[in-house]
*Asks:* 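Input: one structure, supplied below.
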2 protein chains.
Amino acid sequence: MRWDALEEEPCSVARTIGVIGDRWTLLILRECFLRTRRFEGFQSALGITRHLLAERLKKLVRTGILRRIPYQESPKRHEYILTQKGLDLYPIMMAIVHWGDTHMVDERGRPLLHEHKKCGKVFDPVMVCSECGEPLAAKEVTTRPGPGARPRPDRRPAESEAKPKARKRAAAA
Amino acid sequence: MRWDALEEEPCSVARTIGVIGDRWTLLILRECFLRTRRFEGFQSALGITRHLLAERLKKLVRTGILRRIPYQESPKRHEYILTQKGLDLYPIMMAIVHWGDTHMVDERGRPLLHEHKKCGKVFDPVMVCSECGEPLAAKEVTTRPGPGARPRPDRRPAESEAKPKARKRAAAA
DNA sequence: TTCTATAGTTCTAAAATTGAACTGTCAATG
DNA sequence: CATTGACAGTTCAATTTTAGAACTATAGAA
């Protein structure tokens, strides 16, 4: 599977992964949510190579997750700011943080706490059902095809008729 | 940054990404939540090379996200099943699906709908504050260091002394 | 003039991924 | 009993990505 093909898949997971599903992109997005905005800021916080950083930022701009905005003329300089589409990635980030907080912390405890401005408390994110408000777990959910569904392709190499095995003892003739 | 180093970072995002933050792993996990359990099942659903699939499954088992369970003797065969740690990834998956459903669907609409068994309705996942129950948005949250916090390293190549780059009055002697 | 800050680009070497074939076990088939 | 098919991998060459380092460019400051 070529990676640009991911965005064509009839699957919201695949399409999302096609855009943000690599390690550096996710780390760059973490930085965005921590208010990093500039090239050097990302580079020094992450230790990513400048080459890859430039590449990833370009892709994030192209896909509408970041906007590149000038913050000074001469020399021209730009900042990278999350668009609304980018801000909407927040639940993904929080879900990732929460899983890490639950399963990956060492004896020191969590590196970062989150405070909800509205209620003033340190919180954990909880995923609930939009209809009944109950917390969600995998086992309480079933899936069914939606309007955009297409049959799942079988990607096994299709044992072509045209090419009879004749592997073993290759071309024994 | 070497990738095994990610799991050492004082950051729950980095550590989580170190375990599940690559494209194939995320797609394999999607399949797990869709009830795929066997090697051939993953391979034919995803089109991943057998080499990488074997590698990724091993890592998921090693990190405690999947358990490898025999389902027949002679020849020995195993299935890959989500552990509780793996099932806890559900909110991440749902957050990814939801973002894709919101920002990446084509004119056909969503490929997959989710039904909450408890309330019987097709739902969207909503992330709320554990303390007040209100939906969360990035702008309503502030962060502060937790017990496991450590100062953020600056990873810029450290302008080595050994290399007389004539830095600020470089040791004018 | 030289240095520094910022935001990249270019290059080569190293690492990861792809694609395809190959291995091995056992059951069923002709 | 030799062949085939299902399953779960392993092996290896070729390609693609990524890492690491140096280089380019602009403009203000020392």
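We name chains A, B, ... by the order of the sequence lines, and we start the count at 1 in each one.
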*Asks:* dA8(D) P sits how many Å from Glu40(B) CD, rounded?
*Replies:*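 Answer to the nearest Å: 6 Å.
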*Asks:* With the side chain of Phe39(A) defined as its heavy atoms from C-beta on, choose the nearest nucleotide among dA7(C), dT10(C), dT18(D).
*Replies:*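 So the nucleotide nearest the side chain must be dA7(C).
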*Asks:* Please give, in whole Å, the distance from dG9(D) P to Arg56(B) CZ?
*Replies:*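 Computing the Arg56(B):CZ to dG9(D):P distance gives 16 Å.
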*Asks:* Of all the nucleotides listed (dG8(C), dT17(C), dA7(C)), which has the minimum atom distance to the side chain of Tyr71(A)?
*Replies:*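 Selected nucleotide (nearest to the side chain): dA7(C).
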*Asks:* Any idea which of dG20(D), dA8(D), dT17(C) is nearest the Thr49(A) side chain?
*Replies:*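 Taking heavy atoms from C-beta onward, the closest nucleotide is dG20(D).
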*Asks:* How would you label the contact of Tyr80(B) with the nucleic acid (heavy atoms, under 4.0 Å): base, sugar-phosphate, or nothing?
*Replies:*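 Since only primed, P, OP1 and OP2 atoms lie under 4.0 Å of Tyr80(B), the category is sugar-phosphate.
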*Asks:* With heavy atoms under 4.0 Å as the rule, sort Arg23(B) into base, sugar-phosphate or nothing.
*Replies:*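 It contacts nothing in the nucleic acid.
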*Asks:* Measure from NZ or CZ of Arg38(B) to the centre of the six-membered ring of Tyr71(B), then state whether that distance is under 6.0 Å and the direction lies within 45° of the axis.
*Replies:*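 Yes.
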*Asks:* Regarding Asp124(B) and Arg110(B), does a basic nitrogen lie under 4.0 Å from an acidic carboxylate oxygen?
*Replies:*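 Here Asp124(B) pairs with Arg110(B) in a salt bridge, since their nearest N and O are under 4.0 Å apart.
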*Asks:* So what does His51(A) hit on the nucleic acid, given a heavy-atom distance under 4.0 Å: a base, only sugar-phosphate, or nothing?
*Replies:*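 The answer is base, as His51(A) lies within the cut-off (heavy atoms under 4.0 Å) of a base atom.
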*Asks:* Starting at CZ of Arg50(B) and ending at P of dA13(D), how long is that distance when rounded to a whole Å?
*Replies:*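 Atom-to-atom, Arg50(B) to dA13(D), this comes out as 20 Å.
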*Asks:* Can you tell me the distance, in whole Å, between the NZ atom of Lys76(B) and the P atom of dG9(D)?
*Replies:*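 Between P of dG9(D) and NZ of Lys76(B): 12 Å.
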*Asks:* Keeping Arg35(A) on the side-chain end and Phe33(A) on the backbone end, is there a donor-acceptor pair under 3.5 Å?
*Replies:*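 Yes, the answer is positive, given that a donor and an acceptor are paired below the 3.5 Å cut-off.
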*Asks:* If you check the Arg77(B) side chain, which of dC12(D), dA8(D), dA19(D) turns out closest?
*Replies:*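 Ranking dC12(D), dA8(D), dA19(D) by closest atom to the Arg77(B) side chain puts dA8(D) first.
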*Asks:* Could you check how far CZ of Arg38(B) sits from P of dA8(D), rounded to whole Å?
*Replies:*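 From Arg38(B) CZ to dA8(D) P: 6 Å.
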